[in-house]
Amino acid sequence: MNKESEPTSWGSATQAIRSGFAPGSETEHSPPIYMNSSFVYTSAAQAAARFDQSEPGNIYSRFTNPTVQAFERRLATLEGGQRCIATASGMSAILTCVMALLKTGDHVLVGRNSFGSTINMFRNFLLPFGIQVDFLDPVDVASWGAACRTNTRMLLVETPSNPLMELADIAALAEVAHAHNALLVVDNCFATPVLQQPLKLGADVVVHSATKYIDGQGRALGGAFIANAELADKAHGFVRNAGPCMSPFNAWVFLKSLETLPLRMQAHCANALQLAEFLQAHAAVERVYYPGLASHPQHALAKAQMQGFGGMVSFEVRGGQAAAWQVVDATRMLSITGNLGDTRSTITHPATTTHARIGPEARAVAGVGDSLLRVSVGLEDIEDIRSDLARGLDALLA
Ligand SMILES: *Cc1c(COP(=O)(O)O)cnc(C)c1O
């Protein structure tokens, strides 16, 4: 089904369930998996027409695949974008931004609190190819304008960020980017389109790690690039030639997952707020980082640009790393893992895991202290999540 034939009046829950797919010749009710690498033609003339693109249609699954396209259409609709290009992982979506939209000599501004692999990719791999980069505090919008040069072509931020839930003002950064003839790219992984639509706030590109909330059940790796048709065509040009495309099987997993994304995000938000309030009131907790709390320094911005505050909660315990590890080790249900956005609650000590390799100075700049813990609040009963954390926290007071 093409998007044009879908009612534009559909709400987002309906879009998540019905958008992007209609039954094919077998009248299947639920999307099938087109697990094939190539497609056949009825004649030499049709083959030629497909290859010179005078006739639309599939050629090879690195270029297009019906299951992948169904996922792309549905996610584009949810983000309010014209077109989505699915990728093999979140990192390959970010790489696609660079390869499709930049060239040697261009300058990029990246949030200094960005995902570790994003920072490493720019520092270790793109810098040697002549992509210049500066890392900035996304909370301080004025510093982004001041750092723009004549060759600045892209600004890249995550909001909310990992693990301190700092927000970037998307509309304000879009203005900065456009005043300098640059593109604003927003990594919308933590919020998902259910809670935040950056394109509607002025961003030019949204990137996703579908591995997180879009799957939401810890099964598959994937990513996405969403933008207007012109930028998405460039992204598709890179993906179809260079090959960081999404597997049809993974696309099918994500397509089905999108159907429950609005419901799941509401439940993640409700559990996270209750956990944040519990932690804030606990005597062993020094500070809680959650955009839904009035105590969050950017609570007003969160209310203005998000439709919910997400499922990630970080907090500092009293007593440094030893106390933080004690709380981790006292859990019996929470999974000790770096993954996030799962139905199962997970707990991480960022300083010794996800942020260990950046070193103590960079951790200090990022505000990742030894007593910080990050919880990806899952969909178990909130009472079970709370009591699993209370066990270790209460012991710290004993
Ligand atoms: C996980 C993550 C990525 C990378 O995604 P992969 O699917 O693991 O490649 C990028 N950005 C953010 C914010 C993430 O959490």
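Start at 1 and go down the list; that is how both ligands and their atoms are numbered. Side chains included, hydrogens not; waters and symmetry mates left out as well; all remaining heavy atoms used.
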Residue, atom name and distance, where the atom is the protein heavy atom closest to [atom]:
atom: atom 12 (C) of ligand 1; value: D187 OD2, 3.4 Å
atom: atom 7 (O) of ligand 1; value: T211 OG1, 2.6 Å
atom: atom 5 (O) of ligand 1; value: S209 OG, 3.0 Å
atom: atom 14 (C) of ligand 1; value: K212 NZ, 2.9 Å
atom: atom 6 (P) of ligand 1; value: G90 N, 3.4 Å

Any nitrogen or oxygen of F115, side chain or backbone, less than 3.5 Å from one on ligand 1? no
I'd like to check which ligand 1 atoms, numbered from 1 as shown, lie under 4.0 Å from a non-hydrogen atom of G222. 7 (O)
How does E158 reach ligand 1, by side chain, by backbone, by both or by neither, if only non-hydrogen atoms under 4.0 Å count? side chain
Distance-only donor-acceptor check, side chains Q307 and Q197, under 3.5 Å: yes
Heavy-atom count around E175 CD within 6.0 Å, excluding the residue itself: above 12? no
For atom CE of M121, decide whether the heavy atoms of other residues, nucleotides or ligands shown that lie under 6.0 angstrom number more than 12. yes
Measure from the ring center of H299 to the ring center of F309 and say whether it is less than 6.0 Å. yes
By side-chain contact (heavy atoms from CB on, under 4.5 Å), E286 pairs with (sequence neighbours left out) E316, R318
Establish, yes or no, whether the cationic atom of R74 lies under 6.0 Å from the six-membered ring centre of F254 and within 45° of the ring axis. no
Check the pair H236 / T64 against side chain to side chain contact (heavy atoms under 4.5 Å, CB included), numbers first and verdict last. CA-CA 9 Å; H236 188 221; T64 58; 4.1 Å; yes
Selection from M312, M121, H208, M91 by shortest heavy-atom distance to atom 9 (O) of ligand 1: M91
